[in-house]
2 protein chains.
Amino acid sequence: MKLDIIQKLKEHDLKVTPQRLTILDTLNRYGHASIDEIYKEVKKVHLSISLATVYKNITSLLQVKLIKELALNEAKSKYEIIKEPHSHLICKKCGSIEDINLSEQIEQNASKLASAKEFAAEETELNIYGLCKNCKQNN
Amino acid sequence: MKLDIIQKLKEHDLKVTPQRLTILDTLNRYGHASIDEIYKEVKKVHLSISLATVYKNITSLLQVKLIKELALNEAKSKYEIIKEPHSHLICKKCGSIEDINLSEQIEQNASKLASAKEFAAEETELNIYGLCKNCKQNN
DNA sequence: TAATTATTTGATAACTATTATCAACATGCT
DNA sequence: AGCATGTTGATAATAGTTATCAAATAATTA
Ligand SMILES: [Mn+2]
Ligand SMILES: [Mn+2]
Ligand SMILES: [Zn+2]
Ligand SMILES: [Zn+2]
């Protein structure tokens, strides 16, 4: 398991438990996953894990900013491990989410718009909804 | 009440009820409002309105695309009447939401990024989280 | 305007999602 | 190994959303 993750957990007095690591591993493999997806996946490894444990971990990991929430229109939130800022292509049909690199231009442009309103921008979120390559074809 | 709204309701066999109009009026006045905010506000006019009625109306209005959902990170969704595409400045402290015009540049740039992945973009959503003018000062 | 039909409303039950509680247990430290 | 503290799993408690249905209302027609 990644050193920097364990590092960050310890920094915030979060213990390195097998359940927690499996949740993080699931997020790594899925890229983006909902509570239910995480729960089902982690159960394959920890047969008796409680759904409450998943919720509690997600909350802790959000607090220490190891993961972030992805609130979606007309669907349940997904979660992802925080890495470089990026944007999302979200398929309205199959729900798949693909990362794309947020161009510098867009980010600069956005913070310019924000500061014009005397708003202190901290985070820019760009989501593009539509149909993914696959769903576009099999329609 | 706006003609085009009534028009659109009738087009979709949605009856023009006082409750429905008050919900739309609340959204107009608030700009962006959550279910609870709408419920509390509409109750001032229709003392006995049921929360279920608010939910049912929001669902109907979403379906006919008179309103849209605004899914937020770590907060309940807000709803707004659909008008020209625009972006949002979302204050992490007080929760206020301000509309800003999404620049043409950003939109073009976004759909370029999308089509490079063979993704059929339909809607671009840009949210900027941070501190609003007010909260930035009184900190 | 009265009758007819379809939709909506309000009350509330049912269901789903999330959080709180707590004793047993595991982790990290000395 | 022993201690302190955080975590887990079970489950109760809350909160949020959807389903049900009879009564009421809106729209249409005669
Ligand atoms: Mn991502
Ligand atoms: Mn808006
Ligand atoms: Zn798809
Ligand atoms: Zn603010």
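Only this structure's heavy atoms are used, side chains among them; waters, hydrogens and symmetry mates stay out. Numbers restart at 1 for each chain; the letters A, B, ... are given by sequence-line order, proteins then strands.
- When side chains are defined from C-beta on, B/Thr124 counts as touching A/Leu126, because their heavy atoms get closer than 4.5 Å.
- Terminal axes of the helix from C/dT1-D/dA30 to C/dT30-D/dA1 (five pairs each, C1' rotation axis) are separated by 50°, to the nearest 10°.
- One interatomic measurement links the two molecules: CG of A/Asp36 to C1' of C/dT18, which rounds to 12 Å at whole-angstrom precision.
- In this structure, B/Lys76 atom NZ and D/dT14 atom C1' are separated by 13 Å, rounded to whole Å.
- Between the OH atom of A/Tyr39 and the C1' atom of D/dA10 there is a distance of 11 Å, given to the nearest Å.
- Between B/Val16 and B/Tyr55, the residue whose closest nucleotide on DNA chain D is further toward the 5' end is B/Tyr55.
- Atom pair B/Lys40:NZ and D/dG16:P shows a separation of 10 Å (rounding to whole Å applied).
- The SG atom of B/Cys91 sits 8.5 Å away from atom CG of B/Asn134, with the distance rounded to the nearest 0.5 Å.
- Note: NE2 (A/His12) to P (D/dT7) measures 13 Å, nearest angstrom.
- Not one N or O on the side chain of B/Ser115 forms a donor-acceptor pair closer than 3.5 Å with the backbone of B/Glu118.
- Remark: C1' of D/dA15 and CD1 of A/Ile35 are 16 Å apart, rounded to the nearest angstrom.
- Per the geometry, NZ belonging to A/Lys43 stands 13 Å off C1' belonging to D/dA10, to the nearest Å.
- Rounded to an integer number of Å, the gap from CG of B/Leu51 to P of C/dA13 is 15 Å.
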Query raised in the report: How does protein contact run along nucleotides 3-9 of chain C, one letter per nucleotide 5' to 3', with B for base contact, S for sugar-phosphate only, - for none, heavy atoms under 4.0 Å?
Result: ---BBSB
Report task. Take A/Leu113 and A/Lys117 through the side-chain contact (heavy atoms from CB on, under 4.5 Å) test and state the conclusion after the steps. Result -> CA-CA 7 Å; A/Leu113 287 177; A/Lys117 300 273 184 181; over 6 Å; no
